[in-house]
Enquirer: 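Below you will find the structure I want to go over with you.
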Amino acid sequence: MNCHDVDRVLSKGAPLPLPVEEHARSCNRCQQLLSTLNSPAPLDMPSPAALRKIAESLADNLRPVRPLAPARYFAGAFIGIFVSVVTLTVYRLGAFAIAVMTPLQTAAILSTLAISTGLLVYSLVSQMAPGSRHRFSPALLAAGITISVAIVMAVLFQVQQEENFWGNAWVCIRAGTLVGTLAAVPFWLVLRRGAMLSLPMTGAAAGLLSGLAGTSMLEMHCPNLNAWHILLSHLGVAILCALAGLAIGLTAEMRGRRSIHRSSPV
Amino acid sequence: MAILSNGSHRTLKSEAGENGPLYSIEDIISVDWVKTYKPSHTASAITAGFLAFRLKKYSSSRRTRSTLPVPSHLAARVCRRNPPQGHIEHPGFPADFMLNRLEAKSPTISDSGLSLEWNIQGQQQYRVMMSNIPGRFAKEMFPRRVTPRGAAANEPQMESCLQENIVSRPSFADLDRWMERYQQADPEAPSALVGALSPALLGFFRSQMASREQADDLLQETWLRIHRVRHSYRPGEPVLPWIYAIARRVRVDGYRRSRRVTLHETAMELLPERPAPAEARNRVPSFETLVAALPDAQREVVTMLKVGGLTLEEVARATSSTVGAVKQKAHRAYERLRKLLPIEAEETAKGAAQ
């Protein structure tokens, strides 16, 4: 048992085992560290008058509220919206890409998109209720999904010569963004039932999810298998929508902060 | 009274006979305020205030003897008397302590819970009371006096303080219930929640480098926001991470706001000299002084763990991160604190010499 082990045990949050206590007896630094950590910070007690005022103010505006529905309902709603939007648009526009891609490409890209969607939905549902369990950091998850999808696309598809690259890209970006926007509206209607603490983060995640709806539609619809086209105009839709969501979230947070700042204290 | 080993967990059995009540430590649910007293041998010196904590889930993997698995929601009420030199132990200490010594002492079991009492080194006296009925043991186990037997019963202020706090402040186990009542618009719920959580929240804000005035403002704003989003609490979920997640967000917003203000401020005069820190006399730097040197993220984690008394899982929930990330931050924080310690010690030694 050495000082490093003591740090490790401390960071686990478990009660200190005997070897740690024994080590602390012989190690001045550990003894001092444990002593400092074990001496709790003196708590300032809030004034009873202030507490009473806060409590009275809360009690004045008290109305019964319905607790947030279980997470699985929201997850179901998100997935339902996603699938509905993608299915309807692909049904309307045609699934030409499925006919062109190999089964491996089809299975790999659609599985990647499905997994990414599932993870994003989980993250969004967690963000709706403060203090929820997060198995992945929301920021890292959004970045990780974007990078993973990009890698899968780059591996599955080959770079090809393409005439009118920018023209084709623009068509796909426009169509994908439209589908993303269509999906974003019901997503927002679901999201607003929760209490998001970090609006930019939630906005970016919701934007990415909406964008993935557009990307999924394009992956099933667009028969262009050029890797650059797919990366730029299909994945680009997801990135664009995520950035738009981030911007909307930032704006909403700044407005909210201003309104809180203007509102009188309790 | 005997402690019986029964497979994966042990049970406490009354020796009163076969008809005596049988309790499993797993069944004992009580999450309560922990009071740590710093009396200077007088009744009027109850100054330490409240320390709210939850016992950390005890991992029995490292111990084979004197181990009782404790559920994560189990906590204890501790009355402590005559601590040497005003030194207060870590809030989590009673958990470890209880686990270590539960076999050594005979618990008193009644229908509403059990109590343990013992002495350490002939100086300190602890009494841990647990109940499977939240908030009931104060009334049923100790109907007239709640202070340790034969100890502070003649200290009316301590007794009244205990009784007052037991009555007016709900336990952490009760918080779930109070939150549900708050959602149902029970008019008593706001005062109960505000009374129970505000000291810990204020401590959280204060340890995050906020002044007292700022901390008071942040506390008010936190309650406003809690009120506004109270529907987002799901009954059955832990309350503390929900509360701390909101408090953390309020703190971040408050910090950004105050930073914008301070950027436009100009110092007009020198600040008055700060009084010598208390730790100069004690040689051991205080928790606040030491933690102030940590980066924000690490300080936040250590503060929630040590001041808020949250578990790793709860801190992870409150900070929207993973348990692994919280562990890593805590580990780095402890490493950094260890490196800071000698410097602090030297400074404090110099301060003491001056």
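All values below come from the heavy atoms of this structure, side chains included, with hydrogens, waters and symmetry mates left out. First the proteins, then the strands, lettered A, B, ... as listed; each starts at 1.
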Enquirer: Any salt bridge linking R251(B) with E221(B)? Criterion: basic side-chain nitrogen under 4.0 Å from a carboxylate oxygen.
Expert: no
Enquirer: Can you tell me which portion of D186(B) sits under 4.5 Å from chain A's heavy atoms? Options are side chain, backbone, both or neither.
Expert: backbone
Enquirer: Chain A heavy atoms under 4.5 Å from T322(B): which part of the residue, side chain, backbone, both or neither?
Expert: both
Enquirer: Heavy-atom distances under 4.5 Å only: say whether A71(A) touches chain B with side chain, backbone, both or neither.
Expert: both
Enquirer: Given that the side chain runs from C-beta out, which part of A50(A) has a heavy atom under 4.5 Å from chain B: side chain, backbone, both or neither?
Expert: neither
Enquirer: Please rank Q328(B), E237(B), R248(B), H231(B) by heavy-atom pairs under 4.5 Å with chain A and give me the top one.
Expert: H231(B)
Enquirer: How are the rings of F187(A) and F82(A) set to each other: parallel, tilted or perpendicular (split at 30° and 60°)?
Expert: parallel
Enquirer: Name the region of Y182(B), side chain, backbone, both or neither, that has any atom closer than 4.5 Å to a heavy atom of chain A.
Expert: both
Enquirer: Please look at S126(A) and chain B and tell me whether the side chain, the backbone, both or neither of the residue comes under 4.5 angstrom of a heavy atom of that chain.
Expert: neither
Enquirer: Could you tell me if R225(B) sits above the aromatic ring of W223(B), with its cationic atom closer than 6.0 Å to the ring centre and no more than 45 degrees from the axis?
Expert: no
Enquirer: At a heavy-atom separation under 4.5 Å, does R63(A) approach chain B through its side chain, its backbone, both, or neither?
Expert: both
Enquirer: With heavy-atom distances below 4.5 Å as the criterion, would you say the side chains of L199(A) and L250(A) are in contact?
Expert: no
Enquirer: Between R133(A) and chain B, with a heavy-atom cut-off of 4.5 Å, which part of the residue counts as in contact: side chain, backbone, both or neither?
Expert: both
Enquirer: Between Q183(B) and chain A, which part of the residue has a heavy atom less than 4.5 Å away: side chain, backbone, both or neither?
Expert: both
Enquirer: Step by step, work out the salt bridge (Lys or Arg N to Asp or Glu O under 4.0 Å) result for R249(B) and E253(A).
Expert: CA-CA 11 Å; R249(B) 196 65 220 170; E253(A) 190 173 74; 3.0 Å; yes
Enquirer: Using non-hydrogen atoms and a 4.5 Å limit, figure out which bit of R52(A) sits close to chain B: side chain, backbone, both or neither.
Expert: neither
Enquirer: Using a 4.5 Å cut-off on heavy atoms from C-beta on, say whether the side chain of H227(B) contacts that of L62(A).
Expert: yes
Enquirer: So for P48(A), is it side chain, backbone, both, or neither that comes closer than 4.5 Å to the heavy atoms of chain B?
Expert: neither
Enquirer: Flag the pair I226(B) / W242(B) as yes when at least one side-chain heavy-atom distance between them is below 4.5 Å, and no otherwise.
Expert: yes
